[in-house]
Amino acid sequence: MKKYDFQKIDKKWQKEWGEKKLYKAEDFSTKKKWYSLVEFPYPSGQGLHVGHVRSYTALDVLSRKRRMEGYNVLYPIGWDAFGLPTENYAVKTGIHPVKVTKDNTDTFRRQLKAMGFSFDWEREINTTDPEYYKWTQWIFLQFFKHNLAYKTITKINWCPSCKIGLANEEVVSGSCERCGSGVEEKEKEQWMLKITAYADKLLEGLESIDYLPEIKRQQENWIGRSEGAEIDFRVSGTDSILKVFTTRPDTLYGATYMVVSPEHKIISELKNRISNIEEIESYILKAKKKTEEERIENKEKTGVEIKGIKAINPVNDTEIQIFVADYVLSGYGTGAIMAVPAHDERDFEFAKKFSLPVIVVISDGKIREQLTGAYIGTGTLINSGPCDGMDIEKAKEEIIKRVHGVKKVQYHLRDWVFSRQRYWGEPIPVVKCERCGYVAVPEKDLPIELPNIKDFKPRDDGESPLASVESWVHTTCPACGGAARRETDVMPNWAGSSWYFLRYIDPKNKDIFADPKKLQYWMQVDWYNGGMEHVTLHLLYSRFWNQFLFDIGVVPTLEPYTKRTAHGMVLGEGGVKMSKSRGNVINPDDVIKAYGADTLRLYEMFMGPFNQSISWDSKSIEGTWRFLNRVWSIAHEKKFGSECDKKVEQIIEKTVKKVGEDIEKMAFNTAISTMMICANECYSAEAISRTAWEKYLKVLAPFAPHITEELWSELGNEKSLHISSWPEYDQKKIIDDTFTLVIQVNGKTRATIETNTGISEKDAKELALKQENVSRIIEGQEIKKVIFVSNRLINFVI
RNA sequence: GCCCAGGUGGCGGAACGGUAUACGCGCAACACUUAAAAUGUUGUGACCUAACGGUCUUGUGGGUUCGAAUCCCGCCCUGGGCACCA
């Protein structure tokens with residue numbers, strides 16, 4: 001059999017589609033709109049990854065189906081091109097990042113085009129294009145004007161190897177996400193974005209959108225909202241107050257000591273009353289030296305009692321001890337806690353180690369002789385004076401009232417460190433004037449372009465290389481006209497990707513980031529697919545930016561994405577990550593060369609469930625290759641007239657139904673197996689009608705656009721298959737005349753017979769009992785019960 | 001430790017509570033060929049049986065049900081996320 005000539009066919013149709021602008025999205029149309037979005041790639045030097053191909057094929061399949069269903073489809077692509085790898089490459093080679101980016105995007109563009117994705121290439125964007133980052137800077141200025149961008153001295157995660165401050169999100173178990181070196185703490189003045197102001201909004205927004213449940217959970221956990229109260233403890237014999245945050249004010253009678261974090265100000269405040277100050281100070285020093293990693297590895301509780309001062313439990317005026325311990329964090333709540341060892345596991349552990357009193361104040365009715373751990377469940381109060389007998393919810397209210405506590409909500413979410421002391425990012429459009437402080441650059445002066453420099457290395461003092469470009473740094477203050485210095489920090493690589501879905505809508509607009517009418521037409525994104533690894537960072541950030549832009553009235557919807565799904569990773573053979581060092585990276589170019597784009601597309605959709613990780617298997621791809629060749633053979637060996645085998649007609653109808661449904665569920669693997677079964681049937685058919693065969697080509701088209709387009713045109717069709725209509729199926733034709741009746745005895749299958757659909761229970765019973773294998777078993781036994789499931793089975797219970 | 005997802009042939013994986021192992025890979029035999037490749041046809045969970053047929057089998061132990069891979073409870077393992085957040 002002749003192998004189909006994919007090389008010729010792929011090229012021919014890619015050229016044709018490009019010339020005809022087949023996948024161009026129309027701004028405004030009488031058709032219903034559909035906006036499909038995939039995470040735009042970082043154009044690395046390694047070229048396109050087969051993981052990109054998996055995600056992009058999935059939404060390409062969906063977008064193509066929508067187009068055939070009559071939608072005006074926007075499926076855009078671009079480049080998320082700012083970031084460290086390119087800059088590090090520039091530092092090493094001296095080649096300018098602009099050049100590196102151009103070379104890499106050229107490669108990516110060629111590779112994506114070779115896959116036959118139905119992107120609207122006229123809307124291609126690049127975050128490093130000044131015409132793009134002009135608007136990233138513009139959005140920053142809006143944050144600045146609304147006091148949601150501010151500069152402050154904070155402790156930052158400092159990577160001594162990359163010489164860069166990292167966001168919390170970029171620190172993975174105490175190490176730099178990129179280079180793996182241990183992260184140090186360093187104080188630095190940094191730009192921050194006040195994402196915490198949107199914590200509740202980001203949580204509430206989740207209720208109205210269709211994200212995979214695990215994605216919602218991860219965002220919820222990341223925001224980490226908890227409700228509780230702040231309660232003041234006086235320090236005995238002083239005017240000092242120790243404020244704590246607790247989610248369990250109901251356990252206040254069980255608070256037997258307090259703990260402050262090593263950074264807590266009470267220690268310096270009451271320094272001269274503390275009798276063991278030297279011991280305390282040496283503990284603090286030791287705690288600070290511990291790296292993040294050590295703290296994670298060794299969770300053994302440590303701490304020192306602060307002698308000379310005591311706190312007073314406000315609910316019963318009891319004096320209790322105060323400790324300093326590093327299990328209390330300075331960055332959360334008030335940096336001090338009331339310890340209730342009976343009902344908090346960490347406090348219990350600490351109390352056990354230091355032999356501190358434990359008072360049980362919540363009971364679930366059981367009496368425990370010996371406490372082996374904290375009881376964190378619900379129950380009724382005991383040992384709590386006037387509150388005895390209350391349930392914990394009521395007690396929370398009552399005790400907060402009694403001690404004049406204040407209800408408070410705390411979040412794990414921190415403000416977003418938005419500064420990077422690097423070169424390859426968007427300059428932050430602010431100047432520092434000695435008289436006026438930080439002043440926004442006027443919008444008309446945007447973009448603030450990156451100056452062209454030769455040395456991209458961050459300075460040893462931690463400042464951006466931009467700080468060395470004197471001619472660029474010196475400027476005048478837009479407010480007073482006096483001398484001023486430009487901000488030399490640049491934005492993190494998350495900036496450009498936080499709003500790119502908006503720019504696709506109007507990518508060439510010079511006056512505004514996107515025309516409001518166009519935004520009104522296209523937003524929200526109907527379906528967004530990307531990796532799980534971006535769920536807490538990119539996805540949350542971009543929701544934050546969109547919500548903010550909505551609040552200031554420049555975008556039409558509060559939430560950017562209606563629906564979000566995630567694909568599983570594509571791993572190398574044997575289930576390990578693909579990496580250059582392992583030498584197991586699959587280059588899509590090689591696969592396309594050997595099998596063509598359609599085989600690769602089909603294989604990546606077929607190899608496993610879309611949301612699960614899968615390992616590449618160079619043998620298995622043969623299966624999809626053979627399948628396409630079989631389709632090719634059918635097309636060239638059969639005649640497509642008006643006659644059609646009943647069986648074939650029915651199976652094609654069923655295939656149309658199943659494939660349509662499976663695409664919506666992202667069950668691409670079962671859609672393809674259905675089409676394989678159908679092809680096998682067609683292959684052995686006597687006669688296939690042209691109508692039926694065209695339906696088949698149509699459902700295969702989104703998966704394998706090139707071969708189907710070729711076969712479609714061979715049939716004499718002049719207009720492209722991909723703008724033809726999605727086929728309907730006939731419900732009546734799907735119903736089988738006969739079915740396999742399963743005959744069970746006590747739930748065990750003993751026989752199966754082919755019989756007419758709709759057979760009555762009486763007839764089925766009669767038929768079943770005639771079966772030798774059934775009658776033999778039943779003989780001489782009493783039939784206690786007969787279970788009959790229409791068109792499926794009959795079960796005799798004996 | 002907590003939160004998610006998952007555990008099915010030699011392998012990737014299918015299965016509205018109703019014939020477990022679809023589809024694909026691999027393997028075997030046969031056809032075509034001088035031969036190989038390609039392609040086609042057939043077979044392919046394990047065990048017992050000459051055969052008809054039977055027994056067992058979806059990580060593991062229980063339970064619900066006429067009937068459980070599927071629902072419920074306990075346990076074990078793998079992958080991902082968070083991690084002393086009061």
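We name chains A, B, ... by the order of the sequence lines, and we start the count at 1 in each one.
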- Query: Rounding to the closest angstrom, what is the interatomic distance between B:G45 and B:G10 at atom P?
  - Reply: 10 Å
- Message: Ring centres under 6.0 Å, that's the criterion: do A:Y257 and A:F354 meet it?
- Response: no
- Item | Per A:R626 side chain, nearest of listed nucleotides B:G26, B:U55, B:G53 | B:G26
- Message: With a 3.5 Å limit on both atom pairs, tell me what B:A83 is paired to, counting Watson-Crick and G-U wobble, or say none.
- Response: none
- How would you label the glycosidic angle of B:G63: syn (within 90° of 0) or anti? anti
- Message: Using the side-chain heavy atoms of A:T246, tell me which of these nucleotides is nearest: B:G53, B:G24, B:A86.
- Response: B:A86
- Query: Partner of B:G43 by Watson-Crick or G-U wobble geometry, both contacts under 3.5 Å, or none?
  - Reply: B:C27
- Task: Could you let me know what B:C16 is paired to, Watson-Crick or G-U wobble, both distances under 3.5 Å, or none if it's on its own?
- Result: none
- Task: Among B:A86, B:C82, B:U55, find the nucleotide with the atom closest to the side chain of A:W222.
- Result: B:C82
- Query: Quantified in whole Å, what is the P atom distance between nucleotide B:C16 and nucleotide B:U21?
  - Reply: 13 Å
- Task: Apply side-chain hydrogen bond (donor to acceptor under 3.5 Å, both in side chains) to A:T740 and list each qualifying residue two or more places apart in sequence or on a separate chain.
- Result: A:E754
- Task: List the atom of A:A339, the atom of A:V259, and the distance in Å for their closest heavy-atom pair.
- Result: CB-CG2, 4.5 Å
- Sequence neighbours excluded - side-chain hydrogen bond (donor to acceptor under 3.5 Å, both in side chains) pairs with any residue from residues 598-609 of chain A: A:D60-A:R601, A:D598-A:H706
- Item | Listed partners of A:I677 passing side-chain contact (heavy atoms from CB on, under 4.5 Å), at least two apart | A:I651
- Query: Mind checking the C1' distance from B:U44 to B:A22? Whole angstroms is fine.
  - Reply: 15 Å
- Could you measure between the two P atoms, the one in B:C25 and the one in B:U39, and give it in whole Å? 9 Å
- Query: In chain order, what residues pass the salt bridge (charged side-chain N to carboxylate O under 4.0 Å, His left out) check against A:K658, with sequence neighbours excluded?
  - Reply: A:D662
- Task: List in chain and number order the residues that pass side-chain hydrogen bond (donor to acceptor under 3.5 Å, both in side chains) with A:S760, two or more places apart in sequence or in another chain; answer none if no residue qualifies.
- Result: A:D763
- Could you list the residues that satisfy side-chain contact (heavy atoms from CB on, under 4.5 Å) with A:H343, not counting sequence neighbours? A:T251, A:V340, A:V360, A:V361, A:I362, A:Y375
Protein-nucleic acid N or O pairs under 3.5 Å, nucleotides 9-15 of chain B:
{"from": "B:G12", "atom 1": "O2'", "to": "A:M607", "atom 2": "O", "distance (Å)": "2.5"}
{"from": "B:A14", "atom 1": "OP1", "to": "A:N669", "atom 2": "ND2", "distance (Å)": "2.9"}

N/O-N/O pairs, protein side and nucleotides 62-69 of chain B side, under 3.5 Å:
{"from": "B:C66", "atom 1": "O2", "to": "A:N795", "atom 2": "ND2", "distance (Å)": "2.3"}

- Task: Give none if B:U58 has no partner; otherwise give the nucleotide forming a Watson-Crick or G-U wobble pair with it, both distances under 3.5 Å.
- Result: none
- Distance between the P atoms of B:C71 and B:A5, in whole angstroms? 12 Å
- Task: Would you please indicate if the ring centroids of A:W625 and A:F6 are separated by under 6.0 Å?
- Result: yes
- Task: Could you point out which residue of A:L212, A:I215, A:N611 forms a side chain to side chain contact (heavy atoms under 4.5 Å, CB included) with A:M532?
- Result: A:I215
- Identify, with sequence neighbours excluded, every residue that meets side-chain contact (heavy atoms from CB on, under 4.5 Å) alongside A:N773. A:R750, A:R776
- Closest to the side chain of A:V742, out of B:C23, B:C25, B:U19, is B:U19
- Message: Any strand counts, and the cut-off is 3.5 Å on both contacts for Watson-Crick or G-U wobble. Which nucleotide pairs with B:A35?
- Response: none
- Query: Residues in side-chain contact (heavy atoms from CB on, under 4.5 Å) with A:K408, at least two apart?
  - Reply: A:E230, A:F245, A:Q410
- Item | B:G17 to B:G63 separation - C1' atoms, rounded to the nearest Å | 15 Å
- Item | Rounded distance in Å between the C1' positions of B:U70 and B:C30 | 40 Å
- With both distances under 3.5 angstrom, what nucleotide forms a Watson-Crick or G-U wobble pair with B:U64? none
- Do nucleotides 43-50 of chain B as a string where each nucleotide becomes B, S or -: B if the base has a protein heavy atom under 4.0 Å, S if just the sugar-phosphate does, - if no protein is that close. --------
- Message: For A:E397, give me all partners under side-chain hydrogen bond (donor to acceptor under 3.5 Å, both in side chains), at least two apart in sequence or on another chain.
- Response: A:K407
- Item | Whole-Å C1' distance, B:G74 and B:U42 | 47 Å
- Partner nucleotide of B:G9 by Watson-Crick or wobble geometry (both distances under 3.5 Å): none
